[in-house]
Number of protein chains: 2
Amino acid sequence: MDPKETLKAHILKTANLTDKEFDYLFSHFKLQSFKKGQAIISEGDKVDHEYFVISGCLKAFFINDEIKMYILQFAMPTWWTSDYGALYNHTRATISVDCLSDAEVLCLSNDDREKICSEIHQAEHFFRWRTNRGYLASQKRLLSFMNNDTKARYEELLAMYPQLYNLVPKHLIAAYLGVSRETLSRLYNAQK
Amino acid sequence: MDPKETLKAHILKTANLTDKEFDYLFSHFKLQSFKKGQAIISEGDKVDHEYFVISGCLKAFFINDEIKMYILQFAMPTWWTSDYGALYNHTRATISVDCLSDAEVLCLSNDDREKICSEIHQAEHFFRWRTNRGYLASQKRLLSFMNNDTKARYEELLAMYPQLYNLVPKHLIAAYLGVSRETLSRLYNAQK
DNA sequence: TGCAGAATGTGATGTACATCACCTAAGTCC
DNA sequence: GGACTTAGGTGATGTACATCACATTCTGCA
């Protein structure tokens, strides 16, 4: 997958950018490669960038009391991720991001995003739309949390990302669902 | 509270609009008054508008299996609300909105918002920022759901909206926290 | 190739919550 | 002002989950 073409196809779905505008926008991204297990953002870091996944899979997670981990997002290709709270509010990271597999990402600094948004109206349009999708997904997940039991949420997750079942260890799926690994294990072994 | 000045102050915090631009933007809003208990969006409705609260308090909620209600948001003055999923995807409402008190709102149609966003760059900037705040709030609430027990979430809610305790019946607070009214009742009566 | 650590399964036990059932007090409508 | 509804409290019981403890693979790597 060519990083530039991947990003271009992704953005042009929503925004009308000329080739020249896109090239300009793209010039602010930096391609980075990470190994499986490598950290991209660690708790306490200064957060300056957000990341667009080209290949591989990342997880964005929160660790409570140095004990329990909750996964906010599995970031697959064409997904964006960061600790957005820290990024926008210029605070230290409370959410960490690392790699579940070798991964390539395009990274964009907060300052550059804001600069581009102010320079190119259609870029601002794109980022509004993108945040919007994130907001709706987050709200949907919140409702699912309140409304569904663990089993239903587990099936919902696998329906949305069938690859996850083989890609990531089960205890991480449990951490996404917000249950203990033991409970998840019993869950899908119960139904034969 | 003057509706126009309220909205103006709210928007100018984030966006640089000339008086003329703001007047133009404002000309697309329509002031509406509702009585306590009145519905603004009901499940199954076509959803064309979003709402900016001037006075009073609304709730946005979801009803599961015609039985249980979950509250997504208490909308206080200067908050925006709607069924954004239905609004953006042009589907029927699954989320309802009604009034916890007499209320005044400014309503804006989806088409007008998109029109204004394409005409005025700074308006698009404002709406990107607004969605962003919503996204961060939603993500924070999701984390709180996974991480904290009911008591902690109850205290968090009251810390954020001290007015709520007297403004809304307790079973609605339970519906926001995602627990039964009995559990909530026992919770704050336990600690003397 | 063999060993340490990670991932997973499974039993026993405790607990926070839902659910049901019933009670009282405070609006609200004719 | 009586009747009906809505809010709220409280006991008894059931259940989905966490937690702890331990056994069993699997996997990477020195």
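Just so we're on the same page: letters track the sequence lines, and every chain starts at 1. The figures that follow rest on heavy atoms only: side chains count, while hydrogens, waters and symmetry mates do not.
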What is the distance, rounded to the nearest whole Å, between atom CG of B/Leu100 and atom P of D/dT6?
15 Å
Flag the pair A/Glu104 / A/Phe34 as yes when at least one side-chain heavy-atom distance between them is below 4.5 Å, and no otherwise.
no
Heavy-atom nearest nucleotide on DNA chain C taken for B/Thr150 and for B/Lys36; more 5' hit belongs to B/Thr150
Integer-rounded Å distance: D/dA16 P and A/Tyr154 OH
18 Å
Nearest whole angstrom, please: distance from the P of C/dT19 to the CD1 of B/Ile67.
9 Å
Within this structure, what is the CG-to-P distance between B/Leu184 and D/dG9, rounded to whole angstrom?
8 Å
Tell me the interatomic distance from A/Leu167, atom CG, to C/dA7, atom P, rounded to whole angstroms.
13 Å
Quick one: is C/dT19 close enough that its OP1 or OP2 comes under 4.0 Å of any side-chain N or O from B/Lys68?
yes
Regarding D/dC17, can its base be found pairing with the side chain of A/Glu182 as donor and acceptor, where the two atoms are less than 3.5 Å apart?
no
State which of C/dA21, C/dC20, D/dC17 makes the closest approach to the side chain of A/Val179.
D/dC17
Under 4.0 Å from OP1 or OP2 of C/dT8: is there any side-chain N or O of A/Tyr188 that close?
no
Is there a donor-acceptor contact under 3.5 Å linking the side chains of A/Thr81 and A/Gln73?
yes
Nucleotide of D/dA21, D/dA7, C/dA12 approaching B/His171 most closely (side-chain heavy atoms):
D/dA7
More than 12 heavy atoms of other residues, nucleotides or ligands under 6.0 Å from CH2 of B/Trp79: is that the case?
no
What's the closest nucleotide to the side chain of B/Ser180 if the choices are C/dA18, D/dT19, D/dG9?
C/dA18
Tell me whether the side-chain N/O atoms of B/Thr183 come closer than 4.0 Å to OP1 or OP2 in C/dA18.
yes
Do the non-hydrogen side-chain atoms of B/Ile63 and B/Lys68 ever get within less than 4.5 Å of each other?
no
Provide, to the nearest angstrom, the distance between the CD1 atom belonging to A/Ile173 and the C1' atom belonging to C/dA7.
13 Å
Just to be sure I understand the rule, does A/Gly178 reach a base, reach only the sugar-phosphate, or reach nothing, if contact means heavy atoms closer than 4.0 Å?
sugar-phosphate
Regarding the side chain of B/Asp149, the nearest nucleotide among D/dT10, C/dC17, D/dA7 is C/dC17
Using whole Å, report how far NZ of A/Lys170 lies from P of D/dT25.
17 Å
Within 45 degrees of the ring normal and closer than 6.0 Å to the centroid, is that where the cationic atom of A/Lys151 sits relative to A/Tyr154?
no
What's the CG-P distance between A/Leu187 and C/dG9, to the nearest Å?
12 Å
Of all the choices, C/dC17, C/dA21, D/dC22, which nucleotide is nearest to the side chain of A/Arg181 once you look at every atom?
D/dC22
Measuring from the side chain of B/Pro169 (C-beta onward, heavy atoms only), which nucleotide among C/dC17, D/dA7, C/dG9 has the closest atom?
D/dA7
